Amino acid sequence: MYHPDQIEPKWQKKWADDGLYHADIDPEKPKFYALTMLPYPSGDLHIGHWYAMTPSDARARFKRMQGYNVLFPIGFDAFGLPAENAAIQRGIHPKSWTYSNIENMRRQLKSMGAMFDWRREAISADPSYYRWTQWFFIQFFKNNLAYRKEAAVDFCPNCNTTLAREQVQGEDRHCERCGTPVIKKNLTQWFFRTTNYAEELLDFSDMDWPEQVQTLQTNWINRSEGASVIFKTEQGDQIEVFTTRPDTLWGATFMVLAPEHPLVSKITTPEQQTEVAAYREQAEHMGDIQRESTDREKTGVFTGGYAINPVNNERIPIWIADYVLMGYGTGAIMAVPAHDQRDFEFAQKYALPIVVVIQPSDVAPIHLDEMDAAVPASGEMVNSGPLTGTPGEQAFDQAVAYIQQKGVGERAVNYRLRDWLISRQRYWGAPIPIVHCPHCGPVAVPDDELPVELPEDVEWLPTGESPLKLHPTWRNTTCPQCGGPAERETDTMDTFMCSSWYHLRYLSPDYDQYPFDPAEYDYWMPVDTYTGGIEHATMHLIYTRFFHKACRDLGITKGKEPMRQLRNQGMVLGEDNEKMSKSRGNVVSPDDLVQAYGADTVRAYLMFFARWELGAPWNSSGIEGSVRWLRKVWYTFLEPARNSQSANPEILRTVRRKVHQTLESVTRDFETLGFNTVVSGLMELLNELNTAKSAGAFGTEAWAEAESLYLRMLAPICPHIAEELWERTGHAYSIHDQAWPEVDEEAAKEDEITLIIQVNGKLRDRLTVPVNISADEAKVAALASENVQPFLEGGEPKKVIYVPGRLVNIVV
RNA sequence: GGGGCAGUGGCGGAAUGGCAGACGCAACGGACUUAAAAUCCGUCGGUAGUAGUACCGUGUGGGUUCGACUCCCACCUGCCCUACCA
């Protein structure tokens, strides 16, 4: 009988004792770095973790059997808010909460039977880890990739911390972690210059990443081509604007600044002072959700000031309006009401002039008094001074050339991507290693004083303030530069900073000279296959790419990208087709499943029940199929047959053919991460083998080969049962050290094929013919078919198409 | 408003432009059993027919092709991302 509860712990212990999955540098072997996104130690391993990790493990095991030296590490993204919330709510220290969770999750992870090399485990909350997170920060700081500025930033009132732009999501602009709508706050925060890399981050060449992730990142970065144009106020101040439509410059009849624009107070005339101040006040207090809602009627006020349109020297009024955002572009726009809907609405409401300067050829001649909407299309330039008459296709380039020649602007590219805000006003994170000195300003903590350790004796007060700020002594220090009294930065780093480089720490988690051992780096990097959820497309996956490129420019890392191939798994939903959650009561516990069925069954089912990249709702009866399969595997190979060795050569030939055909498809599907068809292929083969077994194939040479190949193909998916059967069928330990079998092309070949006979593309007959049938023979056979005759109606076919080895299509 | 992905039996899914529904779940019928579980055998897209078989069928409508689940165009539905982005 198959008893997974007996064999699984036994083999897990033996593999661990033998160090079977230790991955060490071996220059003789090609390397393969397989990486699965590291989990947050929330306390319990979710079925989603199993869904993410066990297929990745199977793929890594497959690569290992193919002869690669495979590194498949694991660790914990151990800093973060839930730990701190547990501290506030239940009085448990985040450290003990986190580390006891890690202990439990380690046990759960080990129950998977995955080939993790535990010697390489890295925990981002260990001082030996975050010492280097801090070290990276300092490298960025010293090289002007980290800077501090005051800005209106997103703040989660529930988590009591600022967030990066990427961590604010959805229409209601809610916090990525807790779902609370964020508010804007003016704060001085640390940023990384991700925007320096905007252009490079758009380049996905030589990367095998899903189209969807490329699209998400490309849209997130949102490159737009246009021109930057300098307008001057009547007092001579410059106002720079970005426009994607330089060809509409002659139609710019007013300017709009964001209410927060620094020039507003200077431009505003005394008469307009009160109104402008009131509007700015109102804009400041209005939530972002309200302010950014598109359907709200546009509002604004006149500043009293005027600018000069640099192409036609027209005097145009300067307004402020909250539909212009300080955070995008320059916070100022030239308004072209005739050709931009927003500007059009604004101009209508406030009776501002509208001038048509573009006449698209497929639009009836535009008359000002008949306009009820802007005409955003491009077309021939009209009313545009020297450029009047320029055809639509040339308008953009001609306009840019014109402003460049006049020295009032130039071609420009703008991105929506913002710099990465990394300050968090929380305790449980890596402290930002900066000392604020009243004389020297912000000064980096010297390398030999790293890590800046988190003090453990902190108090939890429900004030929303970081305990680091409230700590009586920790803040006080001396300036590393001048030696005078100074204060430590009390903000910690975004945990995405920790996870931007964990793949490097896995290489040498105990190394203390550098973030990683360069020898390990040179051997293992880049990551060959990276797997994880698509929800990280515009967060972690952008950050880690930025991090790699920034480090490359500092001489720390090498190569263009950190991860060569990326694959995303889908999500396992509850049986009710809803996202699993405790409150819905639809959570599936992997611990319970392992207890009931064994890890191998859970692994097999997770790989079989859905397309991995799509995921599907859980089906608790579906897992029965995987249980039955493994039970069947067990007795197929272990229970001798009464009629052993009595099969005829025909049967044995068929056995060999099926085995090698399956090996071919399984190999291909493992390569492409098509796990569901790997499993179904093996199920199918097992059915065939049982047919052959009842026909007397058991105990033959062909059977022995089938057994050996079957178990090896099974090994990556169900490592325990494969090892057990490998031993029980008399093979030497360990199956996981065996080579992936080679396909015997000769054995896989078919002798006969089923030739499909179609008439006008419709199936009419199937003929069994020799595989090497000639085209003429095939056509003759097809035309002779009884099922075809009635359709010929005695006449000659118009055309007969023969697809070698497949079909004959008769066109009548 | 913009962009992306998906749509195949009761369900999950399979199918280099060439036999639609492999494999599995559920369901139904049968064998074994005192009984149950386990296991085994069989049926399982729709309509008509005892049957051979015929017709219909991969969200809808067109197109390309000897031939379309697959490629192209338009649309519908669902999900995801994004959004006064200048």
Side-chain angles (χ1 to χ4, degrees), chain A residues 1 169-171 173 210-220 222-224 226 241-245 248 252 256 258 291-298 321-325 327-336 339-343 345-346 414-416 534-535 537-538 575 577 604-605 608-611 613-629 631-632 635 665 668 674 676-687 690 694 754-766 787 797-803 805-812:
Chain A
M1 271 292 281
Q169 303 180 336
E171 226 168 312
R173 299 180 45 76
E211 281 296 327
Q212 199 189 353
V213 174
Q214 296 186 32
T215 307
L216 284 169
Q217 293 201 347
T218 304
N219 289 348
W220 182 257
N222 195 30
R223 178 184 203 271
S224 50
V241 302
F242 174 77
T243 176
T244 52
R245 294 293 302 275
T248 63
V256 187
R291 181 165 161 185
E292 292 186 4
S293 140
T294 342
D295 27 305
R296 198 167 59 89
E297 197 180 331
K298 299 193 179 359
D322 58 16
Y323 78 90
V324 175
L325 308 172
Y328 185 78
T330 59
I333 60 159
M334 62 175 211
V336 185
H339 306 291
D340 181 286
Q341 186 57 26
R342 293 157 301 181
D343 300 343
E345 285 167 27
F346 195 81
N414 197 41
Y415 305 91
R416 192 188 58 193
I534 196 156
E535 66 274 14
T538 56
E575 289 207 79
N577 206 6
Y605 185 56
F608 174 70
F609 90 116
R611 265 164 67 181
E613 68 275 23
L614 296 181
W618 182 257
N619 178 340
S620 52
S621 60
I623 195 169
E624 294 294 336
S626 302
V627 183
R628 284 176 204 149
W629 173 48
R631 268 191 213 129
K632 207 163 154 185
Y635 75 72
S665 70
R668 186 189 61 228
N676 57 339
T677 47
V678 167
V679 177
S680 70
L682 289 175
M683 286 175 167
E684 214 171 327
L685 176 58
L686 191 70
N687 294 340
N690 272 301
S694 39
T754 303
L755 192 66
I756 303 307
I757 312 302
Q758 296 180 335
V759 176
N760 290 338
K762 272 185 184 263
L763 176 73
R764 292 302 171 194
D765 203 0
R766 286 159 209 190
N787 295 4
K798 262 190 205 159
K799 200 171 171 187
V800 181
I801 290 150
Y802 174 61
V803 181
R806 285 192 181 273
L807 61 76
V808 177
N809 188 16
I810 300 161
V811 187
V812 296

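To find a chain, count down the sequence lines: A is the first, B the second, and so on, and within it residues start at 1. Computed from a predicted structure; not experimentally measured. We use all heavy atoms of the structure for the numbers below, so side chains are in, but hydrogens, waters and symmetry mates are not.
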Between A/Glu575 (side chain only) and A/Ser620 (backbone N and O only), is there a donor and an acceptor less than 3.5 Å apart? yes
Would you say A/Asn222 places a side-chain N or O within less than 4.0 Å of OP1 or OP2 belonging to B/rU82? no
Using a 4.0 Å heavy-atom cut-off across all strands, classify A/Gln758 as base, sugar-phosphate, or nothing. base
Any A/Arg628 side-chain nitrogen or oxygen under 4.0 Å from OP1 or OP2 of B/rA38: no
Tabulate protein N/O versus nucleotide N/O from nucleotides 15-17 of chain B, keeping only pairs under 3.5 Å, one per line.
unit_1 : atom_1 : unit_2   : atom_2 : d
B/rU16 : O4     : A/Arg806 : NE     : 2.9
B/rU16 : O4     : A/Arg806 : NH2    : 3.2

Below 4.0 angstrom from OP1 or OP2 of B/rG24, is there any side-chain N or O of A/Asn687? yes
If we count only N and O atoms by modelled type, under 3.5 Å, do the side chains of A/Asn222 and A/Ser224 hold a donor and an acceptor together? no
Under-4.0 Å side-chain N/O to phosphate OP1/OP2 contact, A/Arg764 with B/rC55: yes
Looking at A/Lys762, does any N or O in its side chain come under 4.0 Å of the phosphate oxygens OP1/OP2 on B/rC56? yes
Distance-only donor-acceptor test, A/Lys798 side-chain atoms vs B/rC66 base atoms, 3.5 Å: no
So, is A/Tyr415 near the phosphate of B/rA86, with a side-chain N or O under 4.0 Å from OP1 or OP2? no
OP1 or OP2 of B/rC85 versus the side-chain N and O atoms of A/Arg245: is any pair under 4.0 Å? no
